[in-house]
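Worksheet for the structure shown next.
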Protein chains: 4
Amino acid sequence: MTKNRLEAFSDGVFAIAITLLVIELQPPDLEPGETLAHGLWLEWPSYVAYLVSFLTIGVIWLNHHRVFTQVAQVDGPLLVLNLNLLLWTALIPFPTAVVADFLAQGGEPARTAVAVYSAVYVVMGASFGGLFVWITHDDRLLQRLPPPEVVRAARLRFTLGLAVYLLAMALYYAFDQASVPADRPG
Amino acid sequence: MTKNRLEAFSDGVFAIAITLLVIELQPPDLEPGETLAHGLWLEWPSYVAYLVSFLTIGVIWLNHHRVFTQVAQVDGPLLVLNLNLLLWTALIPFPTAVVADFLAQGGEPARTAVAVYSAVYVVMGASFGGLFVWITHDDRLLQRLPPPEVVRAARLRFTLGLAVYLLAMALYYAFDQASVPADRPG
Amino acid sequence: MTKNRLEAFSDGVFAIAITLLVIELQPPDLEPGETLAHGLWLEWPSYVAYLVSFLTIGVIWLNHHRVFTQVAQVDGPLLVLNLNLLLWTALIPFPTAVVADFLAQGGEPARTAVAVYSAVYVVMGASFGGLFVWITHDDRLLQRLPPPEVVRAARLRFTLGLAVYLLAMALYYAFDQASVPADRPG
Amino acid sequence: MTKNRLEAFSDGVFAIAITLLVIELQPPDLEPGETLAHGLWLEWPSYVAYLVSFLTIGVIWLNHHRVFTQVAQVDGPLLVLNLNLLLWTALIPFPTAVVADFLAQGGEPARTAVAVYSAVYVVMGASFGGLFVWITHDDRLLQRLPPPEVVRAARLRFTLGLAVYLLAMALYYAFDQASVPADRPG
């Protein structure tokens with residue numbers, strides 16, 4: 001497996017996943033007397049989800065490229081780890097659609113939708129982390145290994161990023177639980 | 001980030017966005033006694049929208065290529081500006097579907113659909129303008145900077161194009177408002 | 001515009017159009033007591049349409065490549081003619097879906113569906129013919145112009161292919177009209 | 001036809017087919033009082049189908065690349081055999097959707113869905129086998145033909161793989177038939 005074909009295939013999947021996001025955006029079904037402007041406005045969670053997911057896949061693509069410029073040779077585990085990253089990236093349109101459909105409802109559906117969305121992002125981040133750890137675990141794959149402290153710093157950033165993400169999720173749920181009694185005072 | 005991979009990724013997004021337009025075209029649901037020919041005929045706004053959007057993305061792709069032949073090196077802001085252009089280009093199938101669904105109804109839905117469609121195009125044009133301004137703002141990025149008067153002329157064309165576009169939209173709405181009294185004479 | 005990027009973009013559109021055909025194939029909605037095997041069987045026009053459209057786009061891709069190996073330089077009209085060919089090729093999933101939905105009904109819907117399908121193919125064939133004529137109309141574009149009699153023979157084959165196609169359509173309709181009295185003897 | 005363009009086109013189809021799998025995953029329609037978590041849970045056959053199909057297409061892509069590194073020159077039959085492989089690979093999202101829709105129902109729909117899914121996989125495996133046999137049938141296509149015993153071993157593995165697959169299907173149906181009397185004791 002040459003590096004070029006691996007990069008081309010990965011770019012293809014990134015480009016398709018980022019462009020497929022748009023098919024979750026559907027013209028609204030208007031109720032009698034409803035204006036189209038109002039119907040489109042009610043779809044705001046879809047626009048937010050489109051934007052966030054687009055930027056996320058864009059950033060994955062940038063990082064993927066940055067990491068692979070350092071790779072000299074492709075081996076079996078790298079192929080598998082890369083395929084694993086693509087699996088979770090290509091999945092993003094699904095949690096995006098779930099959030100778009102249920103975020104505005106509030107309550108359990110909104111909570112679950114955000115949890116699913118977050119979970120896919122955490123797993124995707126972990127997949128990228130795994131890929132990065134494998135690439136930097138010795139110099140066999142690297143044209144020139146960056147200084148160890150650079151590698152350690154980059155790994156730390158990955159871990160911190162995931163930690164912040166998990167913390168944000170935990171806070172969201174703690175806040176959400178705290179607000180439940182207020183919702184059901186009786 | 002090499003220029004080659006940036007161009008390949010952008011081409012991928014353009015090619016997918018232009019080909020995805022077709023999924024807005026759906027076989028009609030016929031009412032009892034309706035001929036398929038009539039059902040297909042009623043979908044004419046879809047065909048117009050497909051054609052206009054196809055040509056637009058095709059022209060973006062051509063211009064993108066023309067601009068990037070001048071780029072010698074890719075930097076961070078260029079990446080971000082390019083991702084921004086892709087975001088609006090990949091979005092085009094959505095306003096296309098909105099126009100296809102609501103143009104034939106007339107009234108508020110048609111007006112709003114055209115406004116949404118136009119707004120996405122204006123933002124996309126502005127995104128392309130931003131990319132172009134960044135590329136031509138000094139000679140760092142250019143293999144050979146065209147003479148200043150050529151750059152000024154090209155920037156002027158962009159600005160004029162946007163101005164004409166906004167004017168057309170304003171006229172459309174002025175005309176539309178003027179015709180409202182005729183619609184509701186009472 | 002380099003020839004490489006034109007070919008890569010065209011290949012992208014061909015690859016996406018050929019792969020998008022599958023989204024017209026949907027799991028059937030079963031009626032109570034209906035077996036899935038029966039429900040799938042009733043979808044046979046979809047499978048035929050998938051197969052025919054897949055082979056058609058595959059052949060277009062092969063011919064496109066064969067023609068472009070002869071092209072030395074890309075000019076403006078060639079870009080426009082190529083975009084025109086892509087427009088009709090990317091449209092193919094739509095008439096494919098129309099045929100898949102209405103072929104089994106017989107009568108006017110089947111006739112109209114086949115007519116739409118055929119019309120898109122004829123226009124696509126004509127678009128390819130136009131591209132071919134432009135490429136061979138002088139030696140400016142060709143690395144080595146094939147002998148004039150080869151070019152004439154190829155042009156003749158194109159024209160004949162279209163003629164046979166139009167004849168087949170005409171026969172189909174003549175036959176169809178002839179069978180109408182038999183259908184409505186009263 | 002150069003080998004490069006054949007590989008690029010095939011990679012495009014693989015990348016699109018693998019990314020299109022996600023559009024079979026749809027947010028659930030919740031019944032009154034149903035939680036989103038429950039609705040998502042009921043879609044587990046979709047997730048299994050997504051995973052299996054993703055891995056399958058990923059493996060096809062890897063094998064395709066491995067085989068083509070050995071190919072020195074592309075001829076007509078190879079083009080046709082490759083297009084045949086792409087046809088069945090691009091079809092995979094359809095049986096994936098059928099399995100996702102009907103697996104959880106059990107009974108005839110589940111059996112038929114699995115049979116359709118398996119059948120597409122067997123035909124796809126056979127298509128790949130045919131491609132491989134053609135590539136290894138003489139040294140015209142190979143840069144360096146592997147030793148005959150390696151080729152024989154590889155062909156044997158292909159045949160064994162298909163045999164195991166067919167056996168698994170046969171066992172599944174034998175088991176399924178055997179369990180029918182238990183289902184309907186009366």
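Quick note: numbers below take in every heavy atom, side chains included, and nothing from hydrogens, waters or symmetry partners. Note on naming: letters A, B, ... go to the chains in the order of the sequence lines (proteins, then strands), and numbering restarts at 1 for each one. Everything numeric in this text was worked out from a predicted model, so none of it was measured.
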Shortest non-hydrogen contact from [X] toward [Y]:
X: A/Glu7; Y: A/Phe68; value: OE2-CB, 3.3 Å
X: A/Glu108; Y: A/Thr112; value: OE2-OG1, 2.6 Å
X: A/Pro109; Y: A/Gly106; value: CD-O, 3.5 Å
X: A/Val71; Y: A/Lys3; value: O-NZ, 2.9 Å
X: A/Leu62; Y: B/Leu79; value: CD2-CD1, 3.7 Å

**Complete:** Pair count under 4.5 Å, heavy atoms only, with chain A: among B/Ser10, B/Ala97, B/Ala8, highest is B/Ala97
**Prompt:** Taking the six-membered ring for Trp, are the ring centroids of B/Tyr117 and B/Tyr121 within less than 6.0 Å of each other?
**Reply:** yes
**Request:** With rounding to the nearest 0.5 Å, note down the distance linking NE2 in B/His64 to CG in B/Leu131.
**Result:** 6.0 Å
Is there any residue in [range] with a non-hydrogen atom under 4.5 Å from a non-hydrogen atom of chain A, and which ones are they?
range: residues 12-24 of chain B; result: B/Gly12, B/Val13, B/Ile16, B/Ala17, B/Leu20, B/Ile23
range: residues 50-60 of chain B; result: none
range: residues 30-48 of chain B; result: none

**Within residues 86-96 of chain A, residues adjacent to chain B where the heavy-atom gap is under 4.5 Å** = none
So, do [X] and [Y] sit near enough that their side-chain heavy atoms are less than 4.5 Å apart?
X: B/Val67; Y: B/Phe132; result: yes
X: B/Leu78; Y: B/Trp134; result: yes
X: B/Ser127; Y: B/Val123; result: yes

**Engaged part of A/Gln26 at the chain B interface, taking heavy atoms whose separation is under 4.5 Å** = backbone
